[in-house]
Amino acid sequence: MASIRRTLSPAYHHRSYHNGAGFSSPSHKFLPNVNSRHSSSRHLPLLFTAVNLVYRKGWRRSLCWCLFFFLIGFVFGITLFGNMDTDIRAKGFALPELKPPQVDLRLDDQIVTSVSLGIHTKLQEPKEVDDLIGPPLKQLIVVTPTYNRGFQAYFLNRLGQVLRLVKPPLVWIVVEEKVASFETAEILRRTGVMYRHVVCTRSPSEPKDRGVHQRNAALEHIERHKVDGIVFFADDDNVYTVELFESLRTIRRFGTWPVAMLAPSKNKAILEGPVCNGSQVIGWHTNEKSKRLRRFHVDMSGFAFNSSILWDPKRWGRPFSNSIRQLDTVKEGFQETTFIEQVVEDESQMEGILPGCSRIMNWHLHLDTSNLIYPKGWLLEKNLEITLAIK
């Protein structure tokens, strides 16, 4: 019997083998037959050679076995499933098609503009809400000089109740001389109107100059603080309508209107103010010969102007930047025209309030209350309560 001996590698000549058996790797019994029909058998000799070389290192034996079996499984997996037909539909398998539901969209469909939740309520669009709000209203700056006299509380309360009916924004500047009295401040607080209580420290040399200095104190306050709005001189003893204050907000620069007043004889009414063609001033009403020398025949409560004229002369193209104030050096009855001449140049810069200046919206009664006093111990509030209780 012949024996086959395998030539040993030079690195292993020192090892002895019994019964003439040559060296063989234990991994031979795990290798597949080379005649296998799978195409992966071509790669196995190369893997065996690589594993055999690494195996001879001795201490890496376990790691080599793990890598070897991992590669064997990987190759078998590729071989078995590599030639499968990936076209599933060719084998008769069809995936269900997911289609969105069909929606019938038409251009002539009606658009829902209201929602009914048991109550018939119509939804309003934001544009309609904005139209109802409208642009912001101009602020009114009402200047009222006052002093201590018999009907002071009555006049202030009456004017305050009218201003209370005017839509805001409105600020009421009440001017007193020398000191701000507690009684006046209490009346202003009760009206509920936003106010500023100003004190005029300048003492008038004559009674006719009292109102001039007080109005100048208000003008100085407006100019210093740059209060923006329409300035209107409203004496506390005059009678005003709410319509007048609402009409003042249409003024851009300077507005004027006719004022009805009692004649000095108190037996007839006269009219003083502009004659208008639409909103254009074309003439003046006047009934007193002594006042025909005036440039503008307007009562103190018969005009209003934009407050920015006081503190922004460049905006209105004024050639001079002197402060606009009422003059106490002119005769009585000329304070209005001399003041207006500082604000405008002529009638072309004026605006007639209400079309045609055909409405009487305030009265100047010229009531003399200097000699009237309250009876001692007489309170108006208690008498009003008694009168209401009797009725």
Carboxylate-amine/guanidinium proximity below 4.0 Å for E272 and R294: yes
In terms of hydrophobic clustering (I, L, V, M, F, W, Y; side-chain heavy atoms under 4.5 Å; direct or indirect links), are I222 and F254 co-clustered? yes
Donor-acceptor contact below 3.5 Å, side chain Q280 vs main chain G352: no
State, with a plain yes or no, whether a side-chain heavy atom of Q152 is found less than 4.5 Å away from one of E183. no
Correct closest heavy-atom pair for T184 and S181 would be OG1-OG, 2.7 Å
Should M194 and V227 be counted in the same cluster of Ile, Leu, Val, Met, Phe, Trp and Tyr side chains packed under 4.5 Å apart? yes
Heavy-atom side-chain contact between M261 and L271 under 4.5 Å: no
For the CD atom of Q349 and the CD1 atom of I340, what is their distance to the nearest 0.5 Å? 12.5 Å
Can you find a pair of side-chain heavy atoms, one from L310 and one from F305, that are under 4.5 Å apart? yes
Roughly how far, to the nearest 0.5 Å, is the CG atom of L244 from the CZ atom of R359? 11.0 Å
Are V275 and F303 grouped together when hydrophobic residues (ILVMFWY) are joined by side-chain heavy atoms under 4.5 angstrom apart? no
Are T144 and D236 close enough that a side-chain donor and a side-chain acceptor fall under 3.5 Å? no
Worked verdict on W172 versus V143 for side-chain contact (heavy atoms from CB on, under 4.5 Å): CA-CA 6 Å; W172 189 16; V143 177; over 6 Å; no
Would you say the side-chain atoms of T337 pair up with the backbone N or O of F334, donor to acceptor, closer than 3.5 Å? no
Looking at S247, is its backbone amide N or carbonyl O close enough to the side chain of T250 to form a donor-acceptor pair, meaning the two atoms are under 3.5 Å apart? yes
Would you find a donor on one side and an acceptor on the other, under 3.5 Å apart, between the side chain of N362 and the backbone of S301? yes
N157 side chain vs A153 backbone, donor-acceptor pair below 3.5 Å: yes
I'd like to know if E176 and R210 make a salt bridge, using a cut-off of under 4.0 Å between side-chain N and carboxylate O. no
Test of understanding: clusters of I, L, V, M, F, W, Y form through side-chain heavy atoms closer than 4.5 Å, transitively. Do Y195 and V242 belong to the same one? yes
For K226, is there an ion pair with E223 - N to carboxylate O distance below 4.0 angstrom? no
Gap separating the NE2 atom of H197 from the OG1 atom of T146, nearest 0.5 angstrom: 8.0 Å
At what distance, to the nearest 0.5 angstrom, does CD1 of I230 lie from CG of L170? 12.0 Å
Would I187 and L165 show up in the same hydrophobic cluster when neighbours are defined by side-chain heavy atoms closer than 4.5 Å? yes
Using a strict cut-off of less than 4.0 Å between a Lys/Arg side-chain nitrogen and an Asp/Glu carboxylate oxygen, indicate whether R202 and E177 qualify as a salt bridge. no
Without swapping roles, check the side chain of S307 against the backbone of V231 for a donor-acceptor pair under 3.5 Å. no
Please tell me whether W257 and F232 form a close aromatic pair, meaning their ring centres lie under 6.0 Å apart. yes
Quick check against the 3.5 Å criterion: does Q335 have a side-chain atom that pairs as donor or acceptor with the backbone of G333? yes
Contact check, side chains of T191 and R164, non-hydrogen atoms, under 4.5 Å: no
Ignoring hydrogens and geometry, is there a side-chain-to-backbone donor-acceptor pair from E351 to S279 under 3.5 Å? no
Which pair of non-hydrogen atoms, one from R253 and one from V343, has the smallest distance, and what is that distance? NH2-O, 3.0 Å
Close side-chain approach of P145 to D235, heavy-atom, < 4.5 Å: yes
Is any side-chain heavy atom of E243 closer than 4.5 Å to a side-chain heavy atom of L354? yes
Might you work through the side-chain contact (heavy atoms from CB on, under 4.5 Å) test for F339 and I324, ending with a clear yes or no? CA-CA 7 Å; F339 178 81; I324 299 178; 3.4 Å; yes
K138 side chain to P169 backbone, donor-acceptor under 3.5 Å: no
Taking all non-hydrogen atoms of both residues into account, name the closest pair between V281 and C276 and its distance. CG2-SG, 4.2 Å
Partner of H221 under side chain to side chain contact (heavy atoms under 4.5 Å, CB included), chosen from I173, I141, N216: I173
Tell me the closest heavy-atom pair linking N238 and H364, and the distance in Å. OD1-CD2, 3.0 Å
State, yes or no, whether a side-chain contact exists between V142 and V171 at a heavy-atom distance under 4.5 Å. no
Do the charged groups of E347 and R295 touch, with an N to O distance under 4.0 Å? yes
Mind listing the closest non-hydrogen atom pair of P274 and H285 along with its distance? O-CD2, 3.4 Å
For a side-chain contact (heavy atoms from CB on, under 4.5 Å) check, start with the C-alpha distance between E336 and F296, then their side-chain angles and the critical distance, and finish with the verdict. CA-CA 8 Å; E336 297 88 348; F296 303 110; over 6 Å; no
Set of residues satisfying side chain to side chain contact (heavy atoms under 4.5 Å, CB included) with respect to F182, sequence neighbours excluded: E186, R189
To the nearest 0.5 Å, what is the distance between CG (L159) and CG (L156)? 7.5 Å
Using a 3.5 Å distance criterion without hydrogens, assess whether the side chain of E246 forms a donor-acceptor pair with backbone atoms of K167. yes
Looking at W363, I'd like to know if its CH2 atom is crowded, meaning that more than 12 non-hydrogen atoms belonging to other residues, nucleotides or ligands lie closer than 6.0 Å. no
M361 side chain near Y240 side chain, heavy-atom distance below 4.5 Å: no
Could you tell me the separation between the SG atom of C357 and the CD1 atom of I282, rounded to the nearest 0.5 Å? 9.0 Å
Minimal heavy-atom distance between W316 and R252, with the atoms involved, is CH2-O, 3.4 Å
Are R149 and Y147 in a cation-pi setup, meaning NZ or CZ lies under 6.0 angstrom from the ring centre and within 45 degrees of the ring axis? yes
For V166 and R249: C-alpha separation, side-chain torsions, deciding distance, then whether side-chain contact (heavy atoms from CB on, under 4.5 Å) applies. CA-CA 11 Å; V166 181; R249 292 192 165 100; 4.0 Å; yes
